[in-house]
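The next block holds one structure in the form of C-alpha cells; read it before the comments.
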Amino acid sequence: MKKLMAMMVAGVMTAAMVTGCGGGSGTPADAPAETVAPSEDGSAEDANAEATDTESGQEEAAVSGDSDLEYVKEKGTLVVGITDFEPMDYKDESGSWIGFDADMASAFAESLGVSVEFVEIDWDNKIMELDGKTIDCVWNGMTLTDEVMSAMECSNAYCNNAQIVIVSADKADQYQDVESLSDLTFAVEAGSAGEKEVTSLGLNFTPVKAQSDALMEVAAGTSDAAVIDSLMAAAMVGEGTGYENLTYTVGLNSEEYGVGFRKGSDLAAALNEFFAASYADGSMTETAEKYGVQAAVIAQ
C-alpha cells in the first residue's frame with residue numbers, strides 16, 4: 001500500500017518551487033549621500049543632523065520592531081504552530097514531537113541558535129495565531145493556497161502533495177471518479193486544502209479539528225469518506241497502519257507545502273537559505289527518508 005502511494009505521489013506531482021511571498025529593494029551601499037549646502041544661520045547643519053537622527057531611528061526600529069529574526073533570537077525560542085499530522089508532526093512514545101516537519105523545524109531553530117517549541121493550534125485559526133504572536137510560524141504540511149500566500153510571508157515550497165479521498169476498503173470500487181462522490185458525506189479538516197476541494201465540488205461535508213479526526217469519522221462510520229493529504233494517507237491508511245480497513249481512491253488535485261510566517265517577516269528568507277543548505281548537504285533528504293516522504297521533496 002505504502003509503495004503504491006509513493007508511486008502515486010511521485011507520478012502526479014512535479015518538483016517545483018514557489019518563491020517567498022514578499023520582497024524589497026534598497027539604495028545601493030555605494031550610492032553617494034545627499035548633502036545640503038550650509039547656510040548662514042546653520043539650518044543646513046541642523047537639517048543634516050536631523051536627517052542622520054531619522055535614519056538612525058529607522059535602522060533601530062528595523063532591528064527592534066520589524067525583524068522577526070531578531071525577535072526570535074532575542075526571546076531564544078522559535079514557536080511552531082502545528083497539528084497532529086503524521087508523518088509531518090506527531091508524538092513518539094515518550095510524548096516528544098517528531099516527523100519530517102518537526103525534525104526540520106528543530107534543525108532550523110538550532111541553526112538560529114534558539115530552542116524550538118511546538119504548539120498545537122486550531123488549523124482554522126492559524127493566521128490569527130500567527131498575527132497575534134502566540135506562534136512564530138506555521139509549519140505543518142501547509143498547502144500554499146492563494147489565501148495563505150496573501151496572508152503570510154511564505155517560504156519556498158519544499159514538498160509536493162495531493163488531496164485524496166479516503167473510504168472504507170470494501171466500498172472503494174464504488175468510488176473511482178469525482179462523479180461517484182456526490183452522494184457521500186465527508187469529514188474534512190476545517191480551514192484545510194481538503195475543505196477547499198470538497199467545497200468547490202459542492203459535496204456534503206462536516207468540518208473537524210484535524211485530518212486525523214477526519215479518518216476517525218470514516219473508521220467509526222459517522223462519515224462516508226474523508227479528504228486528507230496524500231502524505232498523511234501513505235503513513236496512516238492501509239495495510240500495516242492503524243486504519244487497515246480504509247483506502248484511498250480519487251486524487252482531487254496536486255499542490256505544494258510551504259512554511260508561513262508573519263507578513264513581511266525576514267524569517268522566511270532565513271528559512272529559504274536553511275532549506276537550500278540542508279538540501280545541498282543531504283540532510284533534508286536524509287530526514288525525509290526517515291519518514292518515507294523522500295519522493296515528495298522538492299529540490300531547493
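In what follows, every heavy atom counts, from backbone to side chain, and hydrogens, waters and symmetry copies are set aside. Here the structure is a predicted model, which means the values were calculated and not measured. Position 1 is the first residue of the sequence, and the numbers go up from there.
Glu255 and Asn161 form a side-chain donor-acceptor contact under 3.5 Å, judged by distance and modelled atom types alone. Between the side chains of Asn272 and Ser155, not a single donor N or O lies within less than 3.5 Å of an accepting N or O. Side chain to side chain, Asp101 and Tyr291 fail the donor-acceptor criterion of an N or O pair below 3.5 Å.
For the salt bridge (Lys or Arg N to Asp or Glu O under 4.0 Å) condition, no pair includes a residue of residues 265-288, sequence neighbours left out. Within the structure, the salt bridge (Lys or Arg N to Asp or Glu O under 4.0 Å) test picks out no pair touching residues 244-254 (sequence neighbours left out). Residues in residues 172-198 take part in no salt bridge (Lys or Arg N to Asp or Glu O under 4.0 Å) pair, two or more places apart or across chains. Every pair tested for salt bridge (Lys or Arg N to Asp or Glu O under 4.0 Å) that includes a residue from residues 104-130 fails, sequence neighbours excluded, so the list is empty.
Between Phe275 and Trp139, the angle of the ring planes goes over 60°, which puts this pair in the perpendicular group of the 30/60° scheme. Ring-plane geometry between Trp97 and Phe118 is classed as tilted, the angle between the planes lying from 30 to 60 degrees on a 0 to 90 degree scale.
Here Thr83 pairs with Asn140 under the side chain to side chain donor-acceptor pair (under 3.5 Å) rule; sequence neighbours left out. Qualifying side chain to side chain donor-acceptor pair (under 3.5 Å) partners for Thr206, counting only residues two or more places apart in sequence or in other chains: none. Residues passing the side chain to side chain donor-acceptor pair (under 3.5 Å) test with Asp224 are Thr185, sequence neighbours excluded. With sequence neighbours excluded, the residues that form a side chain to side chain contact (heavy atoms under 4.5 Å, CB included) with Ala172 are Val167, Gln176, Thr247, Thr249. Remark: Phe274 engages Phe108 in a ring pair (Phe, Tyr, Trp, His ring centres under 6.0 Å) (not counting sequence neighbours). In this view, Lys290 and Asp103 satisfy the salt bridge (Lys or Arg N to Asp or Glu O under 4.0 Å) rule, not counting sequence neighbours. By the salt bridge (Lys or Arg N to Asp or Glu O under 4.0 Å) test, Asp136 pairs with Lys75, Arg262, sequence neighbours left out. Partners of Glu217 under the side chain to side chain donor-acceptor pair (under 3.5 Å) rule, at least two apart in sequence or in another chain, are Thr222.
With values rounded to the nearest 0.5 angstrom, Glu86 atom CD is found 10.0 Å from Ser212 atom OG.
Ser278 contributes no side-chain N or O that, together with a main-chain N or O of Met284, makes up a donor-acceptor pair within less than 3.5 Å.
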